[in-house]
Amino acid sequence: MGGTRVSALSYAQDNRRRFVEQLDGFLRIPSISALPAHAGDIRRAADWLIDDLRAIGLTTELIPIEGSHPMVYAEWKGAPGRPTVLFYGHYDVQPVDPLDLWERPPFEPVVRDGRILARGAADDKGQVHMHLRAVEALLATRSRLPINLRFVFEGEEESTSIHLADWLAANRERLGADVAVISDSGFFDGNVPAITIGLRGIMYAQIDVVGSPVDLHSGTYGGAVPNPATTLARLIAELKGPDGVITIPRFYDDVRPLTDEDRAAFAALPFDEDAWAAGVGVHGLAGEAGYTTLERKGGRPTLDVNGMWAGFIGEGSKTIIPAHAHAKVSCRLVPDQDPARIFALFRDHVLRIAPPGLAVDVKLLGAGRPTLTPIDHPATRAAARALEATFGRPPLYIREGGSIPVAASFASILGLPVVLLGFTPPADNAHAPNEWMDLSNHEIGIRTIARYWDELASVGRDGLAG
Ligand code: BES
Ligand code: MN
Ligand code: MN
């Protein structure tokens, strides 16, 4: 395999410039899943993928999803007896506001200092694109892949993948594989490669507090009626103590405690807390008492307000008692917390502590389960070998604070081990203005993926089954 492998890898190097031009075209499509006005763009991004996959030589299918964006499916099944990989990525992107903080329009990519800047460059179109190019390089130089491959590209990941679990369950048969691979995560720091072994889950809810049908004059009525905004602020403040511990009864019941090994692994990561805080730009750090920063963001659950609004928020003053007040609150979850149970605990507690005289409603907006995979799975080891061969150093193993709900679904619905192999530094500005992808990571990543498929072929189906 050695000789042909070199040619696939040098193909990736030789075609570097064309690959970047092509990525530019993909990034130009404003495929924002959260905004209905962009439904046509989402469809264009899906069509872009279908055309590209077909040109490379894969069998493709655009699968409509009732009430949402289509699933893009493609496969290459020419390696009977070899492992089958189910690769997942998403072609939708986050909204772009605040627009004025972008150096360039978010859907007009620009290459600067070895980086390509655009919404989706890192999360996740850039990484999806790397996988397509790895397959192109392998098929162009060998006319075959070392493994069987199924591609699933989703168009509503940034809108909490509402339809994906049902689709996976309904398509269990056709999605049969030996391992699931996702490239929608990143490195630990800078350009140090990493394999993500844990993701937090999420429970996302909205609280609505309603007092009167319309805003009231705060002089005429103030002092005599309850204020929804004040009440909401108090409700939220009560959900967490000054020690950062969440006060919802039974919230921590299912939290798997960090073992001595877990804590040693966090402590062993090369992490300079002051430099990190300075890089983030915060004035200080805060979190649950008794845990380090890395433990807090990778191994412990949280509760955070994502947005809050009530009454008059324009310039100057307007004297009213707001008719209603609202907050969006999310909890990041760790094994073995169940988002449905956490929502029930959250809702019941908020309703229990709400004062009388106001209507309080709590509704669930999104949910995803946490994951944690052993670092010694043969598929993870193979990924580590591929990273070490291409990046020249072994990867770190990290627990990520973000969430990819489909990761848990691959394990629970399809029964697959999941490898999270991402290629972007944490400072990539995902979800923020000026998102970027390092172009040397893009190129090395393509070679890593090609190499990984070779490594998995060497492990074989029996080796993957353990
Ligand atoms: N790619 C991210 C998840 C991620 C973030 C992985 C950072 C590793 C490091 C994904 O696109 C994302 O944004 N997920 C959402 C999930 C939510 C919409 C259910 C998240 O984490 O907020
Ligand atoms: Mn993503
Ligand atoms: Mn994202």
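When reading the values below, keep in mind they use all heavy atoms of this one structure, side chains included, and skip hydrogens, waters and symmetry mates. Along the sequence shown, the residues carry numbers beginning at 1. Remember, it's 1-based here, ligands and their atoms both numbered in the order they're listed.
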### Query
Side chains of Asp92 and Ser31: do they bring a donor and an acceptor to under 3.5 Å?
no

#### Entry: Under 3.5 Å: N/O of His431 near N/O of ligand 1
yes

### Message
For ligand 1, which is the ligand I care about here, please tell me if Glu158 has any N or O atom under 3.5 Å from one of the ligand's N or O atoms.
### Response
yes

### Task
Examine the proximity of ligand 1 to Ile404 and report which part, side chain or backbone, both or neither, has a heavy atom under 4.0 Å away.
side chain

### Under-4.0 Å heavy-atom contact with ligand 1, by part of Arg332 that carries it
side chain

### Task
Just go through Ser403, Ala430, Pro405, Gly402 and tell me whose heavy atom is the nearest to atom 3 (C) of ligand 1.
Ser403

### Query
Which option out of Met203, Arg200, Glu157 puts a heavy atom nearest to atom 11 (O) of ligand 1?
Glu157

### Task
Could you tell me which atoms of ligand 1, counted from 1 in the order shown, lie closer than 4.0 angstrom to a heavy atom of Thr160?
18 (C), 19 (C)

### Message
Starting from atom 6 (C) of ligand 1, what is the nearest protein heavy atom, named by residue and atom, and what distance separates them?
### Response
Asp184 O, 3.3 Å

### Query
Taking it one step at a time, do Arg451 and Asp454 satisfy salt bridge (charged side-chain N to carboxylate O under 4.0 Å, His left out)?
CA-CA 5 Å; Arg451 178 81 189 222; Asp454 277 338; over 6 Å; no

## Note on the structure
Note: Gln94, heavy atoms under 4.0 Å from ligand 1, region reported as neither

### Task
Validate the cation-pi geometry between Arg174 and Tyr73: distance from NZ or CZ to the six-membered ring centre under 6.0 Å, angle to the ring axis within 45°.
yes

### Task
May I ask you to check whether Asp184 brings an N, O or S atom to under 2.8 Å from the Mn ion (ligand 2)?
yes

### Task
Provide the atom name of the closest N, O or S atom of Asp123 relative to the Mn ion (ligand 2).
OD1

### Query
Side chains of Thr448 and Phe423: does their closest heavy-atom pair fall under 4.5 Å?
yes

### Query
Counting backbone and side-chain atoms alike, does His431 have an N/O/S atom under 2.8 Å from the Mn ion (ligand 3)?
yes

### Summary
Here the N/O/S atom of Glu158 closest to the Mn ion (ligand 3) would be OE2

### Task
Could you tell me whether Asp123 approaches ligand 1 through its side chain, its backbone, both or neither, with non-hydrogen atoms closer than 4.0 Å?
side chain

### Message
Measuring only between side-chain heavy atoms, which start at C-beta, is Leu365 closer than 4.5 Å to Lys328?
### Response
yes

### Task
Go through ligand 1 atom by atom and flag the ones less than 4.0 Å from a non-hydrogen atom of His90.
11 (O)

### No-hydrogen, no-angle side-chain donor-acceptor test under 3.5 Å, Glu136 and Asn15
no

### Query
So, is Ser185 polar-close to ligand 1, with some N/O to N/O distance under 3.5 Å?
no

### Message
For Tyr291, does the six-membered ring have the charged nitrogen or CZ of Arg300 within the cation-pi criterion, i.e. under 6.0 angstrom from the centroid and within 45° of the normal?
### Response
yes

### Query
How far is atom 8 (C) of ligand 1 from its nearest protein heavy atom, and which residue and atom is that?
Glu400 CG, 3.1 Å

### Task
Is it possible for you to check whether Arg133 lies under 6.0 Å from the centre of the six-membered ring of Phe19, through NZ or CZ, and within 45° of that ring's axis?
yes

### Query
Strictly by modelled atom types, are Thr60 and Arg54 linked by a side-chain donor-acceptor pair under 3.5 Å?
yes

